[in-house]
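Heads up: the structure comes next, in structure tokens.
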Amino acid sequence: HGYCICASRPFPERSESHLIFVGLQKIKEDVPSKNKKSQFVSISKNYRSVIRACMEELQQNAVSTQEGSLASQYGDQVSILLAIELIWNLCEVLFIDAAPAGSLLLHLLDWVRLHKSDVDARAREVLQSDSPAHHQSYWDVVISLVLQGRVDEARQVLSKQASLRAESSSVFKRMDVLLHTMPIFNPTGTQTLTEFDVKWRHWHEECDRCLQDNTFASNRHLETICKILVGDEDTILEQKELLSTWYHFLVTRLLFTHPTIKPPDLHYYAQSSMSMFLGLRASPEPLDIILLSAFEFDLHQVIKDCSIALNNWWFVAHLTDLLDHCKLLQSHNLHFGSNLREFLVLEYASGLFTHHSLWQLAVDYFDHCPEFGRVYLELQIERVPLDTERKAIKVLRICEDRQMSEQGSICKIMAKRALRNNRLGSALSWSIRAKDAAFATLISERFLQDYCNKGSFTDLDLLDNLGPAMLLSDRLTFLGKYREFHRLYGENRFSEAAKLLLSLMTAKIAPRSLWMTLLTDALPLLEQKEVKTQTTHALQSHFTLVKKFDEDIESTKTELLRLALARNLAMAIVKEGTIET
């Protein structure tokens, strides 16, 4: 069969299976297992629908592609998914649904029908032809339907032949009666399994009597069908090409010899059916071994062999997680401390983390691994390439939600990268997130240098909304307050602006390189009548201080400032004196 899938190829529907996984983890532990069974079966069917959707997508890709090698690759992947769905479906029947005697065979028949769907296509081809009874595949279709227990459909196809052969209509009618009266167990009905068994044995004896009486000797095809109905194993084995697999042979054999099979007896029939079907020459394929282990109810062997043969962590991780929720794997702990379920989920999630767009899904898988999930997440999160700010914010949120220490280093990396690219607003934002006072100071200096060079601030939204974050460093506090001064001035709130400017000077947090700039900013304010004398006095004293410490200031600028301050101080004194008298 060549059952090996490229492990790196992601499932197209991994996001859907992730939602199913997360929903499964939310099923409460305290709910009785009996009440959960229907939920678990429903979840299992949802997972299988994801596999089927993936198969359909791959089949469409195989048809639409122009490259032969690519189409072949898609075909190989479809065959792997078919094997995965086949195994999952059988595990659902045997372990999750755990169907009892009677119902068990009905589920196995559905399982075989689902995975041997070529019968339907051939039946359509025959029935839609001009003369169905003369079609070369006519009898193959009838016998295939009987082998799958689809007796009503077999009767419908047989009626095409009966209407053409008036002379032998009686034997066709006899076969129609046998097929029509074949007992099928109804799990929802009132009939007990014992009553069904008695009824089935009577019907079986009737089929055997027809055979002994040579009722169908005139038509070899009808005789073959009758031999199948009595469960003649040699006759059933002769239909190898129509059955195509040993497990189809197994289910057909049970249908016509032991329809009330109990789960514990399955392994004997499975082993003998595989041996009979494959013969002495053919050796079993990996898929055969896996299915046989399932029929032997050896779950751990199924999971182990699937991990090796299929090379697909998605499958074993999700199936094992579901089986673990069904309390079917409790006894199995691995030698390094983690249980089987957690080990497989961790392996799957680690692989998912390397994918450029699906890495976020892995976080939920790690979150639901109580033993080692946190450790794995911390190791993996360090390796996520922070290509964009959006991605970095996502990583940061994951760290913050889980109180992980990595958040500081992420912010520092992003702050330095933004600064290298001269994106000051982003750099400042990341340094605030990192609570890195030294780096916030450095970036604040760059903002102020830019202001001195250009005469205006950038990233106003950020600077206007710093809030308590501006207290991270003195320089950042100054930057935030200095921007606030400019905003007040722009809103014609001159008195408040003057007081804020004065407080920036007296608080001694302004860099010396900006002292003259601050005084220059003050000049237009002094012309405003709202500005009080004491403010002007204070500015005069600061001017003296600036001149004392910075003698290199241009003499023209110094003189202009001195004159402006003196003139405004005199005006303020005159004005206040007039008001007092």
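Remember, predicted model here, so these are calculated numbers, not experimental data.
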Please answer whether the main-chain N or O of L278 pairs with a side-chain N or O of W246 as donor and acceptor at a distance below 3.5 Å.
-> no
Answer yes or no: is there a side-chain heavy-atom contact under 4.5 Å between E92 and H107?
-> no
Could you state the interatomic distance from OG (S244) to NE2 (H115), rounded to the nearest 0.5 Å?
-> 12.5 Å
Flag the pair P132 / V157 as yes when at least one side-chain heavy-atom distance between them is below 4.5 Å, and no otherwise.
-> no
Rounded to the nearest 0.5 Å, what's the gap from NE2 on H248 to CG on L108? Could you check?
-> 12.0 Å
Distance-only, no hydrogens or angles: does the D288 side chain make a donor-acceptor pair with backbone N or O of E285 under 3.5 Å?
-> yes
Flag this pair as yes if the NZ/CZ of K240 is under 6.0 angstrom from the six-membered ring centre of F249 and inside a 45 degree cone about the axis; otherwise no.
-> no
Could you go through the side chain to side chain contact (heavy atoms under 4.5 Å, CB included) check for R253 and S272 one step at a time?
-> CA-CA 11 Å; R253 182 184 170 199; S272 59; 2.8 Å; yes
Stepwise side chain to side chain contact (heavy atoms under 4.5 Å, CB included) test for M55 and L58 | CA-CA 5 Å; M55 270 193 283; L58 284 170; 5.7 Å; no
Mark yes or no for whether S103, through its side chain, and A99, through its backbone, hold a donor-acceptor pair below 3.5 Å.
-> no
Are the aromatic rings of F185 and W200 close, with centres under 6.0 Å apart?
-> no
Is there side-chain contact between H368 and V345, with heavy atoms separated by less than 4.5 Å?
-> no
Looking at C226 and C207, what are the two nearest heavy atoms and their distance?
-> SG-O, 3.5 Å
Does R397 CZ have over 12 foreign heavy atoms under 6.0 Å away?
-> no
Does any N or O in the side chain of N312 come within less than 3.5 Å of the main-chain N or O of F315, such that one atom is a donor and the other an acceptor?
-> yes
Q191 versus N186: any side-chain heavy-atom pair under 4.5 Å?
-> no
For I236 and L243 the tightest heavy-atom approach is O-CD1, 3.4 Å
Kindly say whether the aromatic ring centers of H318 and Y348 come within a distance under 6.0 Å.
-> yes
R341 CZ to L328 CG distance, which is reported to the nearest 0.5 Å | 14.0 Å
So D152 and Q156, side chain to side chain contact (heavy atoms under 4.5 Å, CB included) or not? Walk me through it.
-> CA-CA 6 Å; D152 287 337; Q156 183 192 346; over 6 Å; no
Grab the two heavy atoms, one from L266 and one from L94, that are nearest each other, plus how far apart they are.
-> CD1-CD2, 3.6 Å
How are the rings of W88 and Y47 set to each other: parallel, tilted or perpendicular (split at 30° and 60°)?
-> tilted
Would you confirm whether T235, through its side chain, and T224, through its main-chain N or O, come within 3.5 Å as a donor-acceptor pair?
-> no
With sequence neighbours excluded, residues passing ring-ring contact (aromatic ring centres under 6.0 Å, His included) with F95 | F297
What distance do L287 atom CG and I87 atom CD1 have between them, rounded to the nearest 0.5 Å?
-> 5.0 Å
Ion pair present between R402 and D367, side-chain N to carboxylate O less than 4.0 angstrom?
-> yes
Can a donor-acceptor pair be found between the side chains of E153 and Q148 at a distance below 3.5 Å?
-> no
Using modelled atom types only, decide if a donor and an acceptor are shared between the side chain of E195 and the backbone of T192 within a distance under 3.5 Å.
-> yes
Set of residues satisfying side chain to side chain contact (heavy atoms under 4.5 Å, CB included) with respect to I184, sequence neighbours excluded | L106, M182
Mind checking whether E371 and L346 have side chains closer than 4.5 Å, heavy atoms only?
-> no
Give the intermediate values and the outcome of salt bridge (Lys or Arg N to Asp or Glu O under 4.0 Å) for residues K116 and D118.
-> CA-CA 6 Å; K116 189 78 174 68; D118 61 328; 2.8 Å; yes
Taking the inter-plane angle between the rings of W111 and F295 on a 0 to 90° scale, is it parallel (under 30°), tilted (30 to 60°) or perpendicular (over 60°)?
-> perpendicular
Please report the C-alpha distance between Y74 and Q60 in whole Å, then the side-chain angles of each, then the deciding distance to 0.1 Å, and finally whether the side chain to side chain contact (heavy atoms under 4.5 Å, CB included) criterion is met.
-> CA-CA 9 Å; Y74 284 136; Q60 286 169 4; over 6 Å; no
Please list, chain by chain and in numerical order, all residues satisfying ring-ring contact (aromatic ring centres under 6.0 Å, His included) with H135, sequence neighbours excluded.
-> none
With side chains defined as the heavy atoms from C-beta onward, is the minimum distance between L24 and F40 less than 4.5 Å?
-> yes
Is any side-chain N of the basic residue among D176 and K173 closer than 4.0 Å to the acidic one's carboxylate O?
-> no
Do any pairs count as a salt bridge (Lys or Arg N to Asp or Glu O under 4.0 Å) and have a residue in residues 204-220, sequence neighbours left out, and if so which ones?
-> R174-E206, E206-R209
When every non-hydrogen atom of V146 is compared with those of F256, the smallest separation belongs to O-CZ, 3.4 Å
For the atom pair CD (Q25) and CD1 (I20), what is the distance rounded to the nearest 0.5 Å?
-> 12.0 Å
Which pairs would a plain distance check flag for residues 302-310, meaning a side-chain donor or acceptor within less than 3.5 Å of a matching protein atom at least two apart in sequence or in another chain?
unit_1: D305; atom_1: OD1; unit_2: Q301; atom_2: NE2; d: 3.0
unit_1: D305; atom_1: OD2; unit_2: Q301; atom_2: NE2; d: 3.3
unit_1: S307; atom_1: OG; unit_2: I303; atom_2: O; d: 2.8

Using the side chain to side chain donor-acceptor pair (under 3.5 Å) rule, take S17 and W314 through it: C-alpha gap first, then chi angles, then the decisive distance, then the call.
-> CA-CA 9 Å; S17 59; W314 180 92; 2.9 Å; yes
Atom CD of Q212 with >12 non-hydrogen neighbours under 6.0 angstrom = yes
Under the salt bridge (Lys or Arg N to Asp or Glu O under 4.0 Å) rule, what do R124 and D120 come out as? Steps first, then yes or no, please.
-> CA-CA 6 Å; R124 274 195 302 273; D120 297 294; 5.4 Å; no
Not counting sequence neighbours, which residues clear side chain to side chain donor-acceptor pair (under 3.5 Å) with D265? List them please.
-> none
Which atom of F353 lies closest to which atom of A362, heavy atoms considered | CD1-CB, 3.4 Å
Under a 4.5 Å cut-off applied to non-hydrogen side-chain atoms, are Y247 and S273 in contact?
-> no
Correct closest heavy-atom pair for K227 and V230 would be O-CG2, 3.1 Å
Mind checking whether F343 and W313 have parallel, tilted or perpendicular rings, split at 30° and 60°?
-> perpendicular
Among V171, L229, T215, whose side-chain contact (heavy atoms from CB on, under 4.5 Å) with C210 holds?
-> T215
Any chance you could measure L250, atom CG, to Q271, atom CD, to the nearest 0.5 Å?
-> 11.0 Å
With a 4.5 Å heavy-atom cut-off, do E342 and N339 have their side chains touching?
-> yes
